[in-house]
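Notes to accompany the following structure.
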Amino acid sequence: MAGVAVLAISAGGAVTASGAGPTALTAGSSLDAAGSIGSVAGQALSRRGALVSRDSTRDSGEETDPELVALAEKQMAEREAKLAEMRRAAEKQAAKIKENKWVLPLASYQITATFGQYGLWASYHTGLDFNGNSGDPILAVANGTVTETGYDGAYGNKTVVTLDDGTEIWYCHQTSIYVSVGDRVNGSEVIGTVGATGNVTGSHLHLEVRPGGGDPIDPFGAFVDHGIVP
């Protein structure tokens with residue numbers, strides 16, 4: 001009978017076993033047992049669901065380590081600061097390039113003699129000749145400081161402007177000189193006028209470029225290097 005009662009409980013049916021005593025089962029006790037089992041199973045599933053939910057929340061990144069967040073924010077701030085520094089440096093360099101941009105010394109001219117030519121000169125031609133009329137304004141080709149003015153033999157009236165990088169620009173054969181030693185001049189500023197002083201055959205500007213105040217180089221190449229073709 002005990003075996004039959006177990007089967008009855010497993011089947012969930014309403015069975016009454018004959019006999020008295022502790023082994024007697026009723027339909028009510030069978031249902032109560034089933035309900036208890038269901039309750040325990042439900043609680044277990046509920047707890048399992050809560051655990052899965054917490055795991056999913058952690059895996060999805062909703063719970064973030066504050067130290068990682070702080071580190072990421074610090075790295076982002078450092079990156080932005082570096083970019084800002086690079087932008088400032090680029091802007092400063094652009095302004096410097098614009099400030100020191102070379103210009104041509106005459107508004108209207110023809111090239112009548114180039115660097116290295118032989119003929120009218122004692123050895124070879126050391127500059128670039130810009131043909132012009134006496135009295136035409138001569139412009140400083142770039143920013144610099146006037147380091148020499150006055151008459152200089154075959155060069156006639158000469159002005160020397162030393163650029164910020166140490167390069168000397170010689171402006172020769174002038175009629176008039178408008179600047180004095182120590183004056184600060186900017187590119188495009190009028191510093192004198194074209195003339196025919198010194199050893200010349202006609203009015204023109206003889207211009208020399210001397211890096212570091214040393215030997216002259218081809219002014220044509222220097223102008224091209226600074227973005228200008230004479």
For a quick test of reading the model, state the closest non-hydrogen atom pair linking Tyr109 to Val229 and the distance between them. OH-O, 4.4 Å
Only one of Leu139, Val179, Val185 passes side-chain contact (heavy atoms from CB on, under 4.5 Å) with Val190, and that residue is Leu139
Indicate yes or no for a side-chain donor-acceptor contact from Glu73 to the backbone of Ala70 under 3.5 Å, with no hydrogens or angles considered. no
Where the side chain of Thr193 meets the backbone of Asp136, is there a donor-acceptor pair that is under 3.5 Å apart? no
Thr159 side chain to Gln174 side chain, donor-acceptor N/O pair below 3.5 angstrom: yes
Nearest heavy atoms of Asn143 and Gly187, plus distance in Å: OD1-N, 2.8 Å
Taking all non-hydrogen atoms of both residues, which atom of Gly144 and which atom of Asp164 are closest, and how far apart? CA-OD1, 4.3 Å
Going by the rule salt bridge (charged side-chain N to carboxylate O under 4.0 Å, His left out), which residues pair with Asp152 if we only count those two or more places apart in sequence or in a different chain? Lys158
Interatomic distance, Lys82 atom NZ to Met86 atom CE [nearest 0.5 angstrom]: 7.0 Å
Per side-chain contact (heavy atoms from CB on, under 4.5 Å), Val194 is matched among Leu106, Asn133, Thr175 by Leu106
Check the hydrophobic clustering (I, L, V, M, F, W, Y; side-chain heavy atoms under 4.5 Å; chains of links allowed) and say if Tyr171 and Trp102 are grouped together. yes
What verdict does the side chain to side chain contact (heavy atoms under 4.5 Å, CB included) test give for Phe130 and Ile111, after you've listed the backbone C-alpha separation in whole Å, the side-chain angles of each residue and the deciding distance to 0.1 Å? CA-CA 5 Å; Phe130 296 80; Ile111 300 296; 3.7 Å; yes
Please work out whether the ring planes of His206 and Tyr155 are parallel, tilted or perpendicular, with thresholds of 30° and 60°. tilted
Run the side-chain donor-acceptor check on residues 209-223: report pairs under 3.5 Å with partners two or more places apart or on a different chain.
residue : atom : partner : partner atom : Å
Arg210  : NE   : Glu208  : OE1          : 2.9
Arg210  : NH1  : Gly214  : O            : 3.3
Arg210  : NH2  : Glu208  : OE1          : 2.8
Asp218  : OD1  : Phe220  : N            : 2.9

His173 side-chain N/O to Thr197 backbone N/O, donor-acceptor pair under 3.5 Å: yes
Quick one: do the Thr145 and Thr162 side chains pair a donor with an acceptor below 3.5 Å? no
Donor-acceptor side-chain pairing of Asn131 and His204 below 3.5 angstrom: no
Could you give the distance from CD (Glu78) to NZ (Lys74), rounded to the nearest 0.5 Å? 5.5 Å
List the residues meeting side-chain hydrogen bond (donor to acceptor under 3.5 Å, both in side chains) with Asp165, not counting sequence neighbours, and say none if there are none. Thr167
Worked verdict on Tyr178 versus Ile191 for side chain to side chain contact (heavy atoms under 4.5 Å, CB included): CA-CA 5 Å; Tyr178 292 163; Ile191 60 173; 5.6 Å; no
